[in-house]
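The next block holds one structure in the form of structure tokens; read it before the comments.
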Amino acid sequence: MEIMVILSQEHPELPSAELKSVLRSEGIEFSLVEDGRGYVLLDAPTSAWKILKGRLAYAHEICRVAGYSTTGEIQGTAEKIDWKSHIKGSFAVRIKKLRGEVDARELERDLGAIIKNKTGARVDLENPWTLVRPVLIDDRFILTLRLAEISKDHFNKARPHRRPFFYPGSMSPKLARCMVNLAGVRSSDRLLDPFCGTGGILIEAGLMGVRVMGADIDWRMVEGTRKNLQHYGITDFEVIRSDARDLRLEGGVDAIVTDPPYGISASTAGERSEKLYREFLNSAYSNLKEDGVICMAAPHYIDLEGLIDDRFTVREKYSMRMHRSLTRIIRVIETV
């Protein structure tokens, strides 16, 4: 089945990378049809959309493709589609404009009339059973039917200041979820955040059924993370007080996802921070299982590639500008 995932355009690369990482980690066989700005078209099993709906952070909608058309031929294309095989119950037509301009209201009425004539289905503009979703990209349409809309309610409700325990500087839940997905973990995996802070990364992983472990050198963060995890109903967790540089675990973990403290401003060349990162990487290597993955954020002024030895390789790297003086670099690092 051809699926169209309408992505967030908050970042030029992260949404598509997150999508592909989830597909790979869940063992879903797929072929990429088109990877565009704000969307991805792929050929994947029907069941894939349910998995994607529950995991993606930087995505808006998941749709099933019914046909392709130029803007000038869309009515003729719609006449040729077997809408009876697509429409279940009532329906509505709502055009999504990624790029380009058309008279959406008039075209929605025209397409609705064609579909109604072919199926006899009832039009329901308020709460349709089936939403027909023609997506405009420049001078063409991809005619789709929405399978799922990805709610942002969780990311709004889980903002750091709304948790039982809050501390300034916490990562947004959306980026935390994305980083967990980039690490490629599955529900049976064990994930560690050795700089857990208030537990934002652990919350997102735990809500996906991943077994989580956190550590922090500050007792306030340890107790606060426990409180936050319990608030979200996460029970399979362990949080301990430990220096990330000296942490030694039994059994190892499948992934480390973390946002280490920056510790020092760029004006001092990040000397102490670089020492922290180097020592953390040594500890991380000893705690990862074979083929383990690290997904970590770091400020732009840390030359992490200069700190990484031949035990690691940087597989992916994404820049995210936070404000005028700080760009956050997200790296996916594999053990060699």
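Quick note: numbers below take in every heavy atom, side chains included, and nothing from hydrogens, waters or symmetry partners.
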Q. Taking atom CD1 of I329 and atom NE2 of H300, what is their separation to the nearest 0.5 Å?
A. 8.0 Å
Q) Any idea which heavy atoms bring K116 and F91 closest together, and the distance? A) N-CZ, 3.8 Å
Q | N/O donor-acceptor pair under 3.5 Å between S21 side chain and A17 backbone | A | no
Q: State whether E18 and R177 are salt-bridged, where the test is any N-O pair (Lys NZ or Arg NE/NH1/NH2 against Asp/Glu carboxylate O) under 4.0 Å.
A: no
Q) Taking the side chain from N228 and the backbone from I203, do they hold a donor-acceptor pair closer than 3.5 Å? A) no
Q) Does the pair E10/K152 count as a salt bridge with the N-to-O cut at 4.0 Å? A) no
Q. With a cut-off of 6.0 Å (strictly less than), are more than 12 heavy atoms of other residues, nucleotides or ligands near NZ of K97?
A. yes
Q: List the atom of L19, the atom of L42, and the distance in Å for their closest heavy-atom pair.
A: CD2-CD2, 4.0 Å
(Q) Salt bridge check, K227 against E223: does any charged N sit closer than 4.0 Å to a carboxylate O? (A) no
Q: Check the pair E34 / R140 against salt bridge (Lys or Arg N to Asp or Glu O under 4.0 Å), numbers first and verdict last.
A: CA-CA 14 Å; E34 194 172 325; R140 63 185 176 125; 2.3 Å; yes
Q.
Closer than 3.5 angstrom, by distance alone: can the side chain of D43 be matched with the main-chain N or O of F30 as a donor-acceptor pair?
A. no
(Q) Please check this pair: side chain of D259 against backbone of M171, looking for a donor-acceptor N/O pair closer than 3.5 Å. (A) no
Q | Side-chain donor/acceptor of R146 to backbone N/O of C63, under 3.5 Å | A | no
Q | Backbone N/O of R186 and side chain of D189: donor-acceptor pair under 3.5 Å | A | yes
(Q) Please check if the number of heavy atoms outside Y167 that lie under 6.0 Å from its OH is greater than 12. (A) no
Q: Kindly give the heavy-atom pair with the smallest separation between H60 and L7, and that separation in Å.
A: CD2-O, 3.6 Å
Q | Side chain proximity check, F280 to N282, heavy atoms < 4.5 angstrom | A | no
Q: Run through R94, R133, K53 and flag the one making a salt bridge (Lys or Arg N to Asp or Glu O under 4.0 Å) with E61.
A: R133
**Q.** Rounded distance (nearest 0.5 Å) linking atom CG of L143 with atom OG1 of T77
**A.** 7.0 Å
Q) If you count the non-hydrogen atoms of other residues, nucleotides and ligands that lie under 6.0 Å from NZ in K50, is the total more than 12? A) no
Q. Does any N or O in the side chain of R163 come within less than 3.5 Å of the main-chain N or O of A158, such that one atom is a donor and the other an acceptor?
A. yes
Q.
Tell me if the CZ atom of R105 is crowded by more than 12 foreign heavy atoms within 6.0 Å.
A. no
Q) Any idea which heavy atoms bring C295 and A183 closest together, and the distance? A) CB-CB, 4.2 Å
Q: Check whether any side-chain N or O of R24 sits under 3.5 Å from a backbone N or O of G184 as a donor-acceptor pair, and report yes or no.
A: no
Q) Between D138 (side chain) and G100 (backbone), is there a donor-acceptor pair under 3.5 Å? A) no
(Q) Please check this pair: side chain of D254 against backbone of R190, looking for a donor-acceptor N/O pair closer than 3.5 Å. (A) yes
